[in-house]
Amino acid sequence: MTDKTAIQLLKRHGALKRHRSTWESHWQEIADYVVPRKADITKKRSAGDKRTELLFDGTAIHAAELLSASLHGMLTNMSVKWFSLSFTDTELNGNDEAKEWLESVETVMYQAFARSNFAEQVHELYHDMITFGTGVMFVDSDPDQNLRFSTRHIGECYLSEDQNNRVDTIYREFKMPVRAAIERFRDGKISIKMLKKAEDDPYSEITLVHAVFKRDERDPTKLNSENKPFASVYIDPDQKEILSESGFDENPYLCPRFLKASFENSYGRSPAMSALADIKMLSKMSEVIIRAAQKQIDPPLMVPDDGFMSNVRTVPGGINYYRSGTRDRIEPLNIQANNVIGQEMVKQRQEAIHSAFYVDQLILGQGPQMTATEVIQRTEEKMKLLGPVLGRCQAELLQPLINRVFNLLERQNLFAVAPEFIQSGNIDIEYVSPLAKAQRQGDLQSVMRLFELFTPVSQIDPSILDYVDMDGVAKHLMKTLSIPATVVKSDEQVEEIRGERAKAQQIAAENEAITQTAKASGDVAKFASVVNG
């Protein structure tokens, strides 16, 4: 029996399919030349089938792998801190107890990331971004590891944006073994056809549709899954029936785009798309050069007509008999190939592909005379060139990722109880990955340059230092360098130390005054005794 809601959702799914159709041939071409292991967009291949029949050069494949690994290392490297939390209220940021609680929250989040499969799945997400232009990751809770991440193939996903150009609707069409589907939706509406198929061949696959979208009509006073902000509906498209319906408190899908044209909706563009012409040209040129080299190494032969006694043998040590009294010989056909020009053209295409995938920025050329400081500065400058990538990744990947993970762990009661005075404090996210730090190094260098210039001037006129707020400088440097709260004293502790120091200085000044007074009194008494004597 069909379901009206299922039919309506499948119609929307069909509309999203039509809107995405123009991208599919582009993605298939990208996959064929850059990421053949995912070349299942318009071509449907069997598992284990060969996928590299169009490739004659692996430059683009290696460049894409290098860029995805570099983004992972510079943005979400699990061996270093790549985000920190702070309060939007400056007073709470100065409170030692509040900062230490927030740091304990960070510790729990980092531990949950480390226990989960985040590292492997986010690397796949970066790879999808730089090849297909759009990545899709599903984030949910896990009973064993607290968190579970799954990067979905772009060929399965159909997206739509809201008025803020953020993806809020995701339809995923995927296959699942029928026995797994029955186990997964045993509390839902399992059709008789599905049960019959499970009896005949439980390992055969069926197609399902998972729709996640923002609910326009819901009752926020009810806490059940059917009234959560985001709906989650699994549909059997063959029977047009809903298998299960639930919801999420946040959008469980992260859909970052590498680049996005202002007039295009939902899907992004990538370095692989920018370099596709060079990639195809390089593959064709490599094929031609390989054939030319093969002809030079094993050239075609010119054999005289009816000059030899038997078939020509070209194997090593082969003996060929020709008619006595003739001067006929077997001679190679000179094809006049110029491999130098071909190799030079190949090198130019490879350099163009490297530039498109930022290989020049990712690999630092180090000369023999470079100092350590120069290496650091050049590394920072190269990282700054990836600034636009960082901005979109922060908005579409890192921020919703951290928000989603924070809320999932909070609902699992994994955080320590917050002190009462910060129960209503809003939390902000600060990115402290190597790439984010490189973007802020200019602020640090400006402050240090300020002191370099002020120091010689202050020796002439010390009042110039009155323009510098030393407390502000210290806080700015600690924030820029992402110093942990456990090694920084709170504002109250600093005020207490300064009060004790001022009190000690006052006592010392009073003692000095008493000493000077006593000494003066002794000198006066001594002078009076001399006069009276």
(request) Please state whether the rings of W101 and F87 are parallel, tilted or perpendicular, taking 30° and 60° as the class boundaries. (result) parallel
(request) May I ask you to test the L147-L409 pair for a side-chain heavy-atom distance under 4.5 Å? (result) yes
(request) Taking side chain to side chain contact (heavy atoms under 4.5 Å, CB included) as the test, write out the residues that go with A119, two or more places apart. (result) H72, M78
(message) Parallel, tilted or perpendicular, judged at 30° and 60°: which one describes the rings of F113 and F149?
(response) parallel
(request) Please list, chain by chain and in numerical order, all residues satisfying salt bridge (Lys or Arg N to Asp or Glu O under 4.0 Å) with R501, sequence neighbours excluded. (result) none
(request) Find out whether the Lys NZ or Arg CZ of R172 is both under 6.0 angstrom from the six-membered ring centre of F138 and within 45° of the ring's axis. (result) no
(message) Salt bridge or not between E124 and K38? Use side-chain N to carboxylate O under 4.0 Å.
(response) yes
(request) Rounded to the nearest 0.5 Å, what's the gap from CD on E226 to NZ on K228? Could you check? (result) 9.5 Å
(request) Can you label the angle between the H210 ring and the Y253 ring as parallel, tilted or perpendicular, going by 30° and 60°? (result) tilted
(request) Enter the distance from S21:OG to K17:NZ here, rounded to the nearest 0.5 Å. (result) 11.0 Å
(request) Measure the acute angle between the ring planes of H26 and W23, then classify it against the limits of 30° and 60° as parallel, tilted or perpendicular. (result) parallel
(message) Whether the N146 and Q412 side chains hold a donor-acceptor pair (N or O, under 3.5 Å, no angle test) is what I'd like checked.
(response) yes
(message) Applying salt bridge (Lys or Arg N to Asp or Glu O under 4.0 Å), can you list everything that pairs with E24, at least two apart in sequence or on another chain?
(response) R20
(request) In plain terms, say whether E264 and R257 are close enough for a salt bridge, that is, a side-chain N and a carboxylate O under 4.0 Å apart. (result) no
(request) Look at E65 together with R37 and state whether they make a salt bridge at an N to O cut-off of under 4.0 Å. (result) no
(message) Please identify which of these residues, Y110, Y431, F406, meets the ring-ring contact (aromatic ring centres under 6.0 Å, His included) condition with F83.
(response) Y110
(message) Can a side-chain donor-acceptor contact be found between S70 and Y358 if the only test is distance below 3.5 angstrom?
(response) no
